[in-house]
Student: 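Would you mind keeping the following structure in view while I ask a few things?
We number each residue from 1, following the sequence as shown.
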Amino acid sequence: MLKVTLKDNSEIEVEKGTSILEVAKKISEGLARNATCGEVDGEVKDLRYELQEDCNLVIHTFQEEDLEGKKAYWHTTSHIMAQAVKRLFPDVKFAIGPSIDNGFYYDFDVETPFTDEDKAKIEEEMKKIIKEDLEIERFSLPKKEALEFMKDQPYKIELIEELIEELPEGEEISFYKQGDFTDLCAGPHLLKTGKVKAVKILSSSGAYWRGSEKNKMLQRIYAISFPKNSQLQEYLDFLEEAKQRDHRKIGKDLDIFMTHKLVGSGLPMYLPNGATIRRILERYIQDKEIALGYAHVYTPSLANVDLYKTSGHWDHYKEDMFPVMKMDNEEMVLRPMNCPHHMLIYKHQMHSYRDLPIRIGELAHDFRYESSGSVCGLERVRQMCQNDAHLFVRPDQIKEEVGRVLNLIKEVYQKDFGFPESAFKYRLSLRDKANKEKYIDNDEMWETAESQLRDILKELNIDFYEAEGEAAFYGPKIDIQIRTALNHDVTIPTCQLDFALPERFELEYIGEDGKAHRPVVIHRAILGSSDRFISFLLEETKGNLPVWVAPVQVKILPITDNQHEYAYKVKEVLQAKGIRVEVDDRNEKTGYKIREAQLQKIPYMLIVGEKEVEGNTVSIRSREEGDMGAKSVEEFTNEILDRIDSKK
């Protein structure tokens, strides 16, 4: 008999050779019906896998948050799709078909790209294979036999040859068979094709074999599957919602930014509406920081390579930097971040312990050498404007200053932008001890910095979780993870502790004892990059920006030409108070103008006709509340100013 320890730490005894599925049945029939795979001592296995010794066992289902259960389900469906393609396109050559975080894809070598008609036929054939409820069988072959078995599939041959080099002597190559289709695969898979219930092909695109443009272009089909049709419909609704929230679509619809191939990939240009949004946000955060004692500076976007060799960026970040430019006797490079410049600003004069903390802030243009395939609208760009700051503190000031940073983050995101506290998680990002070469080499510094941030979070009674491998190369950090409207976790604000750069730049202050001491640097970003924050804000609000951020806050709509003069007088009154206002004096019907203003996400529309002119009033239509009736110009002005000032 074997002792099996389950996820809840309970134990059961089973006979040697009992399969994972049989263990699931012992626990409950419901679990057995929903199980997709198991995890034996941390290694994912098929339900058909037979236990041979005492072990820890986790049985995964599609429904759980952990992706392992879904991935087994989706990987099985990728084979169903490959089988369908084989039936419809007998000469197809197969590449790979992995599960991903949202479904799966398979890469095929076919003569011509798949059309929409082809994809519809493939989806129908997948549904037939599911109805056939084919047994899925696993078998293995010795290396030579495996090569012979896949001799007509060149991509599989290449994969097998790599496996042969890696596998221990005597170990065989794994395959999975379902009906008339067999594929090279390590698994895990479901037991029958009929376990899959609802499928949908989502899209197709070209994809280079192995991701290299030196290789052949293959055709990739993305798809997804679910145990219930209702789950598939929910997901399709989610995709439609995501499409409506895509900041690239909103940015185009609202004339916020544009891109052009003559300018270059990853280099968006802000149109007047976008420039207004960015200006408002940047002035807002600068004013916040100045009120908290930050001193703002400007530093160049270009620097000598030696600056980044001193800071360590050259050794640890060079691949993400633009190539070196040789100028006269100097080697210059576009900066990826501005912390080295701030180190030198601190160092240009001597400081007393009484001067600290010194808080240096900047809205700085930084440059990252992102691949053309990874750039995305404003979210991921090659030039960004960072809301960056560096706090130079004594060791005894670390806790208080980190606390101030976290309070500022709460004030910005929760008070001024109205995000709920429940949307925030705090992550302590640590280095990966198994890959120390990625980080500055100083074990004592890392242990000190990591334990200090951990202690600060505990002392401030902040719930947090830890993540290895997420630290910056120079130190650990507190990342604030925000749960978005599309249920994704994004990191924008961050607070990082750094003992390394003060050492590398030999920063000092004179202590109370009259001796030189080394300060500690806190790197922090509140809005992160202006570009990424705007993309985040557009997607969270669907373009319905808060009144204080909206590029046009009020649109005045005169009903006829007779009200044009009055409309412009109202505009002058509002404009004199700093309200961003436009008049739509086109010769169009009022209903048409209202619909256009709604599509432009204008917070307030003021409709003026003869009655309003006579009474010196405006009829107010709110983006959120609809018709709000008529008010005097003065009353409306005071109300909107109150809303802008209070950031309601």
Side-chain angles (χ1 to χ4, degrees), residues 36-37 44-46 67-68 70-114 118-119 122-123 125-126 129 136-141 143 146-167 171-190 193 196 199-225 371 373-374:
T36 60
C37 64
V44 180
K45 299 287 187 182
D46 269 348
L67 273 176
E68 291 299 344
K70 290 180 174 66
K71 285 188 171 183
Y73 195 93
W74 288 333
H75 192 44
T76 299
T77 322
S78 79
H79 279 219
I80 293 173
M81 183 164 72
Q83 184 176 13
V85 171
K86 179 70 173 174
R87 287 182 179 182
L88 296 168
F89 304 88
D91 296 329
V92 65
K93 305 300 180 190
F94 298 101
I96 56 172
S99 58
I100 52 179
D101 287 351
N102 286 298
F104 58 92
Y105 68 80
Y106 210 113
D107 289 344
F108 304 99
D109 187 351
V110 287
E111 286 188 10
T112 57
F114 294 112
D118 291 335
K119 286 179 279 187
I122 293 167
E123 188 176 300
E125 195 63 36
M126 291 173 70
I129 294 167
I136 301 174
E137 307 164 41
R138 182 188 181 279
F139 66 93
S140 60
L141 293 173
K143 298 166 186 176
L147 287 169
E148 176 64 24
F149 189 75
M150 283 283 160
K151 63 183 178 183
D152 296 328
Q153 293 291 334
Y155 302 102
K156 301 297 183 182
I157 290 291
E158 186 177 325
L159 294 171
I160 291 171
E161 286 173 344
E162 289 181 4
L163 282 171
I164 288 172
E165 293 179 8
E166 296 171 5
L167 289 177
E171 192 161 330
E172 295 188 336
I173 308 291
S174 170
F175 293 85
Y176 280 83
K177 180 178 185 297
Q178 55 195 52
D180 56 0
F181 177 76
T182 303
D183 203 354
L184 169 74
C185 188
H189 282 281
L190 306 179
T193 60
V196 176
V199 296
K200 184 67 179 176
I201 288 178
L202 301 173
S203 64
S204 63
S205 64
Y208 291 110
W209 169 238
R210 304 271 196 182
S212 171
E213 59 189 21
K214 296 177 182 177
N215 295 331
K216 187 170 183 179
M217 174 74 79
L218 306 177
Q219 294 303 307
R220 175 173 295 177
I221 299 180
Y222 288 95
I224 199 160
S225 59
S371 68
S374 65

Student: Under 4.0 Å between a side-chain nitrogen and a carboxylate oxygen: does that hold for Asp180 and Lys86?
Tutor: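 No.
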Student: Are the charged groups of Glu148 and Lys151 less than 4.0 angstrom apart, N to O?
Tutor: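 Answer for the salt bridge query: yes.
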Student: Between Trp74 (side chain only) and Ile224 (backbone N and O only), is there a donor and an acceptor less than 3.5 Å apart?
Tutor: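 Side chain of Trp74 to backbone of Ile224, a donor-acceptor pair under 3.5 Å: no, none is there.
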Student: If you count the non-hydrogen atoms of other residues, nucleotides and ligands that lie under 6.0 Å from NZ in Lys177, is the total more than 12?
Tutor: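 Enclosed: over 12 neighbouring heavy atoms sit under 6.0 Å from NZ of Lys177.
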Student: Of the non-hydrogen atoms in Ala223 and Met81, which two are nearest, and what is the gap between them?
Tutor: CB-SD, 4.2 Å
Student: Hey, could you give me the OH/CD1 distance between Tyr222 and Ile201, rounded to the nearest 0.5 Å?
Tutor: 13.5 Å
Student: Going by heavy atoms in the side chains, are Leu167 and Ile173 under 4.5 Å from each other?
Tutor: yes
Student: Compute the ring centroids of Phe89 and Phe108, then answer whether they are less than 6.0 Å apart.
Tutor: no
Student: Hey, could you give me the NE2/SG distance between His189 and Cys37, rounded to the nearest 0.5 Å?
Tutor: 11.0 Å
Student: So, does Ser212 use its side chain to make a donor-acceptor pair with the main chain of Tyr208 at under 3.5 Å?
Tutor: no
Student: Measure from the side-chain N and O atoms of Thr76 to the backbone N and O of Leu190, and report whether any donor-acceptor pair falls under 3.5 Å.
Tutor: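 A pair under 3.5 Å: yes.
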Student: Please report the interatomic distance CZ(Phe114) to NZ(Lys119), rounded to the nearest 0.5 Å.
Tutor: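 Nearest 0.5 Å value for the CZ-NZ distance: 9.5 Å.
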Student: Show your reasoning for whether salt bridge (charged side-chain N to carboxylate O under 4.0 Å, His left out) applies to Lys216 and Asp109.
Tutor: CA-CA 9 Å; Lys216 187 170 183 179; Asp109 187 351; 3.1 Å; yes
Student: How about CD on Glu111, more than 12 heavy atoms from neighbouring residues, nucleotides or ligands closer than 6.0 Å, or not?
Tutor: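 Check fails, neighbour count at 12 or below.
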Student: Less than 4.0 Å between a side-chain N and a carboxylate O, is that true for Asp183 and Lys156?
Tutor: yes
Student: Does the Gln83 side chain pair with the main chain of Gln178, one donor and one acceptor, at a distance under 3.5 Å?
Tutor: yes
Student: I'd like to know whether Phe149 forms a side-chain contact (heavy atoms from CB on, under 4.5 Å) with Leu184, so could you lay out the CA-CA distance, the side-chain angles of the two residues, the decisive distance to 0.1 Å, and finally the verdict.
Tutor: CA-CA 10 Å; Phe149 189 75; Leu184 169 74; over 6 Å; no
